[in-house]
Amino acid sequence: KSDSTYDYIVVGGGTSGLVVANRLSEQKNTTVLVIEAGGSVYNNPNVTDTLGYGKAFGTDIDWAYETTDQEYAGGSSQIVRAGKALGGTSTINGLVYLRAQAAQIDAWEAIGNKGWNWKTLLPYFKKGEQLQDPSKHPVLDGSGISFDPAYHGFTGPLKVGWPSTQLNDGLAQKLNATYQNLDVPVQFNRDPNSGDMVGYSLYPKTLDYELNIREDAARAYYYPYQNRTNLHVWLNTHANKITWKDGHEAAADGVEVTLSNGKTTVVKASREVILAAGALKSPVLLELSGVGNPDILSKYGIATKVNLPTVGENLQDQMNNGLEFESKKSHADGKSADYVSYPSAAQLFPNSTALGADLLRKLPAYAAQVASANGNVTNASDIYRFFKIQWDLIFKDGIPVAEILLSPYGNTYSSEYWGSVPFSRGSIHLSSADPTAAAIIDPKYFMLDFDFEAQVQAARFIREVFNTEPLGDMAGAETTPGLSTVPADADDEAWADFIKGKYRSNFHPITTAAMLPKEIGGVVDTSLKVYGTSNVRVVDASIMPFQVCGHLQSTVYAVAERAADIIKGRL
Ligand code: FDA
């Protein structure tokens with residue numbers, strides 16, 4: 001193996017990596033190697049079970065990254081999960097297929113990424129997708145599912161749809177009626193994947209309807225193509241760092257790997273090294289390869305190849321909390337109910353205009369706080385620009401400010417939720433020149449108070465939903481946190497122990513190798529090439545410049561599809 005040379009080496013056989021490897025290897029004269037630290041999970045029931053969310057957590061296919069103690073969020077650390085397997089995090093995620101609000105992708109272009117907007121990304125969402133039409137599945141009749149075919153693909157590799165286990169007992173319609181009865185109603189949204197997410201919807205998932213199993217990146221983009229002789233995958237192989245050609249220029253010529261037998265070797269790439277190791281690994285691989293902040297690299301004896309101090313900065317995630325209520329009716333096991341509501345600021349906050357004005361005044365201070373937390377590696381005036389765009393998205397474009405899920409099980413209704421666009425930004429950096437050492441991950445959850453306010457207000461909103469008919473009559477007492485823990489009229493302070501004590505990472509880390517102009521802190525340019533290198537790209541969730549309101553995978557797949565066309569020279 002060590003003698004081999006490939007045209008392209010893709011580091012990380014996950015969600016994005018397998019898309020790019022698949023598309024590049026469509027060209028018969030192009031050789032592609034995928035390096036994946038995990039193994040195959042094709043027959044792993046913790047992966048395939050469409051109702052098995054969480055079963056893989058803590059097993060050997062979960063990286064289970066640990067954050068530093070979170071000083072603004074009660075002091076404890078958090079586990080951020082990510083898949084360690086062929087298929088990456090798509091093998092352990094919650095299957096939800098929800099994109100972004102169009103204006104959020106347009107913001108990528110507005111901040112300086114020419115060519116990246118909703119209109120140019122939509123064809124790639126569709127190219128990857130194989131929507132399984134629910135109208136062909138009689139078991140879903142009357143379930144309330146709807147979609148707009150104009151926004152979907154039907155012939156792509158990735159199967160998306162609603163499961164045969166979909167609950168079909170009228171709850172979806174009752175919930176819809178409840179949302180209409182709120183003081184500020186939330187309307188039914190026929191298709192939240194159309195670029196307009198606000199409203200209440202029944203969302204699709206990445207699954208194979210016929211087989212009732214998870215559809216992950218390996219099942220969609222690798223296994224049907226595994227006989228391609230120009231596409232190789234090395235499983236259980238850990239990438240340690242990029243190797244460089246001799247000379248001044250930063251041109252990659254390969255990757256140092258530790259093979260499954262424990263031996264370390266270098267595999268050569270004649271064209272490009274493409275990082276797809278995920279938002280909590282790709283920036284660390286860059287640092288291990290000498291691309292990053294010289295002050296950090298020198299601490300660990302790593303020579304700087306490219307001085308790019310913002311590698312690993314701008315880390316953003318969301319915070320997930322959950323409320324639970326008793327249900328007067330018992331729900332059968334083995335059903336899934338995939339209901340989401342996306343309120344806008346005007347729908348979530350009773351005093352949205354005043355809150356927006358207050359937040360606008362705070363943005364310069366927020367930006368200064370983020371910049372000073374990282375020693376001004378990112379510039380406060382640049383961070384302010386990002387924040388102002390985010391403010392405009394919230395208060396002018398009306399993007400959703402929270403995601404509220406609802407699922408019934410047993411005698412319970414549970415409602416997980418999160419503020420969709422927190423402002424807090426942290427960082428990830430290596431802690432050692434040893435490529436297997438854990439990185440220092442500090443998302444700075446709840447550093448900025450708007451993030452906490454949104455998280456509190458979404459909890460109040462859920463209480464209102466459960467106090468509104470007809471759902472109000474179907475639900476019993478609130479069991480988490482419960483009115484004895486957080487009283488009905490609790491102020492923000494009274495919510496703090498519950499929210500900061502019980503939240504978890506929402507597992508949506510992004511922006512650690514941001515696609516942005518270099519002068520405002522970018523790590524990759526609009527062709528996803530790392531600044532200062534001639535042939536290293538990043539194609540995973542690290543590159544997203546702003547958080548999206550949907551879940552990440554659909555956007556990760558679409559970005560990777562577009563990345564492949566860029567690498568092929570088609571764009
Ligand atoms: P991804 O993690 O998929 O791929 C990285 C790959 O690189 C992995 O296979 C990893 O093993 C490999 N790797 C890392 N370091 C390496 C090294 N040094 N050498 C070799 N290989 C290496 N999104 C969504 O849309 N709907 C949802 O329901 C959910 N739910 C959800 C639940 C949970 C628990 C998590 C953790 C995440 C989600 N997400 C989600 C998020 C979504 O799944 C995620 O953002 C994308 O799958 C990330 O894709 P990437 O390609 O960026 O990384």
Side-chain angles (χ1 to χ4, degrees), residues 9-20 33-41 53-58 60-65 79-100 158 160 193 203-207 214 216-218 221-222 233-242 255-260 274-285 288-289 317-318 320 338 340 403 405 416 435-436 439 504-510 512-513 538-544 547-548 550-560 563:
I9 298 180
V10 177
V11 178
T15 316
S16 55
L18 291 181
V19 175
V20 171
L33 172 66
V34 175
I35 297 168
E36 170 52 46
S40 168
V41 289
Y53 182 65
K55 281 187 179 171
F57 295 179
D60 60 353
I61 67 164
D62 175 9
W63 285 97
Y65 299 119
I79 300 293
V80 189
R81 308 205 178 273
K84 183 180 185 181
L86 194 64
T89 303
S90 73
T91 68
I92 69 163
N93 72 14
L95 306 174
V96 180
Y97 184 90
L98 282 164
R99 299 171 182 167
L158 184 73
V160 173
N193 282 313
Y203 60 83
K205 292 175 156 182
T206 42
L207 52 79
R214 171 191 298 269
D216 58 51
Y221 282 91
Y222 177 66
V233 172
W234 291 2
L235 296 178
N236 304 306
T237 302
H238 191 273
N240 299 335
K241 61 179 173 185
I242 297 165
V255 178
E256 182 195 292
V257 299
T258 302
L259 301 170
S260 52
I274 298 164
L275 298 185
L280 300 181
K281 260 297 161 60
S282 290
V284 181
L285 280 164
L288 288 164
S289 313
D317 190 7
Q318 298 150 326
N320 181 305
D338 306 316
V340 65
E403 170 161 337
L405 300 170
E416 272 189 27
T436 59
R504 64 163 171 82
S505 161
N506 202 39
F507 311 139
H508 288 175
I510 56 162
T512 52
V538 184
V539 296
D540 58 30
S542 320
I543 68 97
M544 291 191 198
Q547 192 54 272
V548 291
H551 297 226
L552 293 181
Q553 68 171 342
S554 53
T555 304
V556 168
Y557 279 117
V559 165

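What you are looking at is a predicted structure, and each value in this text was computed from that prediction instead of being measured. Whatever order the structure lists ligands and atoms in, that order sets their numbers, starting from 1. Only this structure's heavy atoms are used, side chains among them; waters, hydrogens and symmetry mates stay out.
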So which protein heavy atom does [atom] come closest to, and at what separation?
| atom | value |
| --- | --- |
| atom 30 (N) of ligand 1 | G94 N, 2.9 Å |
| atom 22 (C) of ligand 1 | A37 CB, 3.8 Å |
| atom 18 (N) of ligand 1 | A239 O, 3.0 Å |
| atom 35 (C) of ligand 1 | F507 CB, 3.4 Å |
| atom 12 (C) of ligand 1 | E36 OE1, 3.3 Å |
| atom 48 (C) of ligand 1 | T15 OG1, 4.0 Å |
| atom 53 (O) of ligand 1 | G278 CA, 3.6 Å |
| atom 10 (C) of ligand 1 | W63 NE1, 3.4 Å |

Return the minimal non-hydrogen interatomic distance between [X] and [Y], and the atom names on each side.
| X | Y | value |
| --- | --- | --- |
| V257 | T237 | CB-CG2, 3.7 Å |
| S505 | V80 | OG-CG1, 3.8 Å |
| L98 | S554 | O-OG, 2.9 Å |
| A541 | P509 | CB-O, 4.0 Å |
| M544 | V556 | CE-CG2, 3.6 Å |

Under a 4.0 Å heavy-atom limit, does [X] contact ligand 1 with its side chain, its backbone, both, or neither?
| X | value |
| --- | --- |
| A217 | neither |
| H551 | both |
| V556 | side chain |
| T206 | neither |

Do [X] and ligand 1 have an N or O pair less than 3.5 Å apart?
| X | value |
| --- | --- |
| R81 | no |
| D540 | no |
| K84 | no |
| G87 | no |
| A85 | yes |

Counting from 1, what ligand 1 atoms have a heavy atom of [X] closer than 4.0 Å?
| X | result |
| --- | --- |
| V96 | 24 (C), 25 (O), 26 (N), 27 (C), 28 (O) |
| F57 | 34 (C) |
| G83 | 8 (C), 9 (O), 10 (C), 11 (O) |
| I35 | 20 (C), 21 (N) |

If you measure from OH on Y203 to CG on L95, what distance do you get to the nearest 0.5 Å?
8.5 Å

E416: what forms a side chain to side chain donor-acceptor pair (under 3.5 Å) with it, not counting sequence neighbours?
N320, R504

Below 4.0 Å from any atom of ligand 1, is there a heavy atom belonging to Y97?
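Distance cut 4.0 Å: Y97 fails for ligand 1.
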
Sub-4.0 Å heavy-atom approach of T237 to ligand 1:
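The answer is yes, since T237 has a heavy atom less than 4.0 Å from ligand 1.
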
Hey, can you pull the donor-acceptor pairs under 3.5 Å for the side chains in residues 13-20, sequence neighbours left out?
from : atom 1 : to  : atom 2 : distance (Å)
T15  : OG1    : S90 : N      : 3.4

Within the distance-only criterion (no hydrogens, no angle test), does the side chain of S289 pair as donor or acceptor with the backbone N or O of I242 below 3.5 angstrom?
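It does hold such a pair.
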
Where the side chain of D62 meets the backbone of A64, is there a donor-acceptor pair that is under 3.5 Å apart?
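At least one qualifying donor-acceptor pair exists.
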
Y221 and Y557 aromatic ring geometry - parallel, tilted or perpendicular at 30°/60° bounds:
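Judged by the thresholds at 30° and 60°, the geometry between Y557 and Y221 is parallel.
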
Hey, can you tell me if Y53 and F57 have their rings parallel, tilted or perpendicular (30° and 60° cut-offs)?
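Rings of Y53 and F57: perpendicular, as their planes differ by over 60°.
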
Short side-chain donor-acceptor distance under 3.5 Å, N93 and R81
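Checked: R81/N93 side chains show no N/O donor-acceptor pair below 3.5 Å.
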
Heavy-atom nearest option to atom 6 (C) of ligand 1, drawn from P435, G17, A276:
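The nearest heavy atom belongs to A276.
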
